[in-house]
Number of protein chains: 2
Amino acid sequence: MTKNCNFIEKLREVGLRPTKQRVKMCEVLFNREKTFHFTINDLVKMISEKMSEKISLATVYNTVHAFEKKGYLKEISIDSHKSYFDTNISAHHHFFDEDTHELIDCDESDIDPVNIKKNITGKKIKSVEILIKVASDNQTQK
Amino acid sequence: MTKNCNFIEKLREVGLRPTKQRVKMCEVLFNREKTFHFTINDLVKMISEKMSEKISLATVYNTVHAFEKKGYLKEISIDSHKSYFDTNISAHHHFFDEDTHELIDCDESDIDPVNIKKNITGKKIKSVEILIKVASDNQTQK
DNA sequence: AACATACATTATAATAATTCTAAACTATTG
DNA sequence: CAATAGTTTAGAATTATTATAATGTATGTT
Ligand SMILES: [Mn+2]
Ligand SMILES: [Mn+2]
Ligand SMILES: [Zn+2]
Ligand SMILES: [Zn+2]
């Protein structure tokens with residue numbers, strides 16, 4: 001159980017003011033055993049359930065983006081029209097279950113390193129991500 | 001130069017009525033040497049430029065989705081909040097240039113086959129796609 | 001502790017992408 | 001050509017996201 005003062009320090013370290021809302025969001029997002037994936041909507045629900053005080057939707061957006069910029073969160077694109085975020089900020093790949101719309105992390109050991117033989121002139125590779133879409137056997141492809 | 005009557009047949013084959021609008025969209029999308037990537041907005045512009053008659057935005061959406069369902073187009077997710085489509089319907093990977101927001105196809109020979117050692121119980125792999133984000137050397141990571 | 005300041009939060013309005021609706025239109029079949 | 005099912009259309013509705021501007025808060029300074 002990480003203490004709030006740790007979050008306060010963590011926020012200070014990257015130059016974010018440890019406001020009440022930011023500390024609360026840290027608790028909700030990072031005060032847990034495992035990393036997880038969420039949408040802004042999920043997060044708003046989680047916050048409402050876990051605390052009595054209201055938080056403005058705009059603040060959730062702002063704070064998520066502030067955390068993303070500071071490297072506390074990663075954004076994952078699977079489905080246009082919906083942003084998924086990930087508290088697992090390490091480079092990793094995903095399974096996406098088309099039946100349940102669930103995102104599942106791939107362990108590093110699940111996939112051999114990708115060998116890219118070409119590159120774009122004058123450009124540097126910033127990330128390499130694999131998305132494996134899965135569905136029930138009896139499911140028609142989306 | 002594929003003739004329009006070919007598009008009419010092609011549409012009939014998959015059970016889509018060859019309406020004026022669908023045939024025009026086939027021309028704009030498929031009557032060319034190379035495959036390409038586009039957003040709905042791009043497509044609307046291309047249609048307006050290449051022909052005098054108006055087409056309703058809803059029809060562009062409907063028709064793109066009809067084509068997607070029939071396998072004439074693929075949807076690519078890179079950026080939430082924007083749908084990219086691809087006239088290259090084969091399984092392939094992409095570079096995404098963060099500076100220009102351009103999508104670039106990877107040839108099959110550019111990347112070794114991905115070896116996935118794990119799978120999700122009861123689920124079948126529907127697709128495996130790699131997205132390689134690139135940017136100028138001097139660019140700060142998004 | 002009170003003050004000044006920059007930064008953050010809030011409610012609400014604005015924007016953008018997409019989908020829905022219901023009326024008008026068109027391709028197809030007989 | 002008439003009947004029918006499917007399609008297009010303009011515009012309204014919906015959804016996700018971002019902008020605005022007023023109010024509130026954290027922090028360093030007196
Ligand atoms: Mn973002
Ligand atoms: Mn789609
Ligand atoms: Zn993840
Ligand atoms: Zn492509």
Side-chain angles (χ1 to χ4, degrees), chain A residues 4-5 7-28 37-45 47-48 51-70 72-73 75-85 101 142, chain B residues 4-5 7-28 37-45 47-48 51-70 72-73 75-85 101 142:
Chain A
N4 286 3
C5 60
F7 292 131
I8 293 173
E9 281 167 33
K10 196 178 168 188
L11 288 167
R12 280 225 175 85
E13 275 165 23
V14 297
L16 289 175
R17 283 195 180 169
T19 60
K20 205 166 42 188
Q21 290 82 352
R22 284 181 180 152
V23 174
K24 286 227 164 110
M25 280 189 52
C26 280
E27 285 176 49
V28 172
H37 305 109
F38 62 93
T39 65
I40 296 284
N41 251 324
D42 296 337
L43 185 56
V44 169
K45 274 182 207 150
I47 294 171
S48 324
M51 61 180 118
S52 48
E53 305 168 48
K54 271 177 212 165
I55 189 170
S56 134
L57 182 60
T59 298
V60 178
Y61 274 100
N62 290 342
T63 307
V64 164
H65 282 124
F67 285 179
E68 187 196 1
K69 199 176 299 176
K70 295 303 180 177
Y72 292 178
L73 293 175
E75 190 168 8
I76 316 267
S77 283
I78 287 133
D79 198 356
S80 332
H81 332 156
K82 223 177 225 175
S83 285
Y84 288 75
F85 290 88
H101 282 204
K142 189 214 145 175
Chain B
N4 286 2
C5 60
F7 292 132
I8 293 174
E9 281 167 31
K10 195 180 168 185
L11 289 165
R12 278 226 176 83
E13 274 164 24
V14 297
L16 289 176
R17 283 193 182 171
T19 60
K20 206 167 38 185
Q21 291 81 353
R22 283 181 180 151
V23 175
K24 286 231 164 107
M25 278 188 54
C26 281
E27 285 176 49
V28 171
H37 306 108
F38 63 92
T39 65
I40 297 285
N41 251 323
D42 296 337
L43 186 55
V44 170
K45 273 182 209 153
I47 293 171
S48 323
M51 60 180 120
S52 48
E53 304 168 49
K54 273 178 212 165
I55 190 170
S56 131
L57 183 60
T59 297
V60 178
Y61 274 101
N62 291 341
T63 306
V64 163
H65 283 123
F67 285 178
E68 186 194 1
K69 199 177 298 174
K70 295 303 179 178
Y72 293 176
L73 292 175
E75 190 168 7
I76 315 267
S77 283
I78 286 135
D79 197 358
S80 332
H81 334 153
K82 223 177 226 175
S83 285
Y84 288 75
F85 291 87
H101 282 206
K142 190 216 143 173

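Predicted, not measured: the structure shown is a model, and the values here were computed from it. Numbered from 1 within each chain, the chains take letters A, B, ... in sequence-line order. What's counted below: heavy atoms across the whole structure, side chains too, no hydrogens, waters or symmetry copies.
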Sugar-phosphate, base or nothing in reach of A/Ile55, heavy atoms under 4.0 Å: sugar-phosphate
A/Ser56 side-chain proximity, nearest of D/dT8, C/dT10, C/dA8: C/dT10
Without placing hydrogens or testing angles, list every side-chain donor-acceptor pair under 3.5 Å for residues 13-20 of chain A, not counting sequence neighbours.
unit_1  : atom_1 : unit_2  : atom_2 : d
A/Thr19 : OG1    : A/Arg22 : N      : 3.3

B/Ile40 side chain reached by B/Leu57 side chain, heavy atoms, under 4.5 Å: yes
5' precedence on DNA chain C between B/Arg12 and A/Lys20 (nearest-nucleotide basis): A/Lys20
A/Thr63 or B/Leu16, whichever maps to the more 5' nucleotide of DNA chain C: A/Thr63
Proximal nucleotide (of C/dT10, D/dA10, C/dT18) relative to the B/Ala58 side chain: D/dA10
Mutual orientation of the aromatic rings belonging to A/Phe85 and A/Phe38 [parallel < 30°, tilted 30-60°, perpendicular > 60°]: parallel
Residue A/Pro18, side-chain atoms from C-beta onward, closest of D/dT7, D/dG11, D/dT27: D/dT27
Nearest-angstrom distance from the residue atom CD of A/Glu53 to C1' of C/dA11: 17 Å
Options C/dT9, C/dA11, D/dT17, nucleotide nearest the side-chain atoms of A/Thr19: C/dT9
Residue whose nearest DNA chain D nucleotide is more 5′ - A/Tyr61 or A/Arg17: A/Tyr61
Worked verdict on A/Thr39 versus A/Asp42 for side-chain hydrogen bond (donor to acceptor under 3.5 Å, both in side chains): CA-CA 5 Å; A/Thr39 65; A/Asp42 296 337; 3.2 Å; yes
Under 4.0 angstrom between B/Gln21 side-chain N/O and C/dT26 OP1 or OP2: no
For atom NZ of B/Lys24 and atom P of D/dT7, their distance in whole Å: 18 Å
Rounded distance in Å - CG (A/Leu11) to P (C/dT9): 10 Å
Nucleotide D/dT23, atom C1' - distance to NZ of A/Lys54 in whole Å: 16 Å
Any B/Thr59 side-chain N or O less than 4.0 Å from OP1/OP2 of D/dT7: no
